[in-house]
**Student:** 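One structure is given below, represented as structure tokens, and several questions about it will come after.
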Number of protein chains: 2
Amino acid sequence: MVVLELSEQDVNRLFRALADATRRDIVRRTLVTDISVSQLADSYEMSFAAVQKHIAVLEEAHLVTKAARGRERMVRGNLVRIRQAQRLLDHFEELWRSRMERLDSLLAEGSPDSPDT
Amino acid sequence: MVVLELSEQDVNRLFRALADATRRDIVRRTLVTDISVSQLADSYEMSFAAVQKHIAVLEEAHLVTKAARGRERMVRGNLVRIRQAQRLLDHFEELWRSRMERLDSLLAEGSPDSPDT
DNA sequence: GTAATATACAATCAAATGGTTGTATTAGAG
DNA sequence: CTCTAATACAACCATTTGATTGTATATTAC
């Protein structure tokens, strides 16, 4: 089992890439179907180059990949990276759970001055 | 059941707030225990005001809340918002699943020229 | 081969971000 | 009451971001 090690930089890029509505839309659409760069560009009220840049940001975050097909570049969403993001959020949940457990044990022992010593 | 409606702006702020290592660390720590602004500020190699700003970003994203306790402001991580982020990512998963289902049905029918018509 | 389409990429620019220092306010300690 | 600790907030600055236009390259269509 691969212990996927995301660097802090990687995590920064990952969440940053998700922090834009256009980019989230591109990810959603390319998770469902491969779409060419120009097809994507046609859908948004901005220049071709702007959409290109958004795709580049997503690529650097590994949220999409591009594959040449003739003169087109087909963009495909990468679910693996989404799952890695989910894992990161799961970890936050676990931390919170640890707080609950501590509070629980305090309550169970009727708030002694130092539980577990 | 509350259909938590996050605006695109809200989602932008949420993921953007998570796209910084210091801020993620603050969220982690305040999910485990409430910590004052100055206690947090002491932990990082930057000015008090810089940490204050990071906390402000987290507050706007509703990832933490602040509560006055005397002259201190106790910062507490907000798990609800983390879960909302998880929900958003879950939705991406579902989209991907729809692609798989379509591919499955195509394979099952041996790639007819127009399945389902 | 030539024209049109799809993409890549550089230069530029305004706005947002992430940091700083300095000043003001508020609450607790002595 | 006075001093100090904790916070708030404004002003400033360098860098990054998100967008633009313009130019170059590659592939398909005719």
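We name chains A, B, ... by the order of the sequence lines, and we start the count at 1 in each one. From a predicted model like this one, the values you see are computed outputs, not experimental measurements.
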**Student:** Between A:N12 (CG) and C:dT17 (P), how many Å, whole number?
**Tutor:** 15 Å

**Student:** Could you check whether A:R99 pairs with B:D34 (Lys NZ or Arg NE/NH1/NH2 to Asp/Glu carboxylate O, under 4.0 Å)?
**Tutor:** yes

**Student:** Calculate the interatomic distance between B:M46 atom CE and C:dT20 atom P; express it in whole Å.
**Tutor:** 7 Å

**Student:** Distance check: side-chain N/O of B:S47 vs OP1/OP2 of C:dG19, anything under 4.0 Å?
**Tutor:** no

**Student:** Distance check needed: C:dC9 C1' versus A:I55 CD1, whole Å only.
**Tutor:** 14 Å

**Student:** Can you tell me the distance, in whole Å, between the CD atom of A:E60 and the P atom of D:dT17?
**Tutor:** 9 Å

**Student:** Using nucleotides 7-10 of chain D, report all nitrogen or oxygen pairs with the protein that are shorter than 3.5 Å.
**Tutor:**
{"from": "D:dT7", "atom 1": "OP1", "to": "B:V37", "atom 2": "N", "distance (Å)": "3.4"}
{"from": "D:dT7", "atom 1": "OP1", "to": "B:R73", "atom 2": "N", "distance (Å)": "2.8"}
{"from": "D:dT7", "atom 1": "OP2", "to": "B:S38", "atom 2": "N", "distance (Å)": "2.5"}
{"from": "D:dT7", "atom 1": "OP2", "to": "B:S38", "atom 2": "OG", "distance (Å)": "2.5"}
{"from": "D:dA8", "atom 1": "OP1", "to": "B:K66", "atom 2": "NZ", "distance (Å)": "3.4"}
{"from": "D:dA8", "atom 1": "OP2", "to": "B:Q52", "atom 2": "NE2", "distance (Å)": "3.4"}
{"from": "D:dA8", "atom 1": "OP2", "to": "B:K66", "atom 2": "NZ", "distance (Å)": "3.2"}
{"from": "D:dA8", "atom 1": "N7", "to": "B:Q52", "atom 2": "NE2", "distance (Å)": "3.3"}

**Student:** B:R69 near the nucleic acid: base, sugar-phosphate alone, or nothing, with a heavy-atom cut-off under 4.0 Å?
**Tutor:** nothing

**Student:** Can you confirm whether the side chains of A:R73 and A:S38 place a donor and an acceptor under 3.5 Å from each other?
**Tutor:** no

**Student:** Among side-chain atoms of A:T22 and A:D25, is any donor-acceptor pair under 3.5 angstrom?
**Tutor:** no

**Student:** Check this for me: does any side-chain nitrogen of one of B:E72 and B:R69 sit under 4.0 Å from a carboxylate oxygen of the other?
**Tutor:** yes

**Student:** Do any N or O atoms from the side chain of A:R81 and from the backbone of A:A61 form a donor-acceptor pair under 3.5 angstrom?
**Tutor:** yes

**Student:** So does A:R87 pair up with A:D90, basic N to acidic O under 4.0 Å?
**Tutor:** no

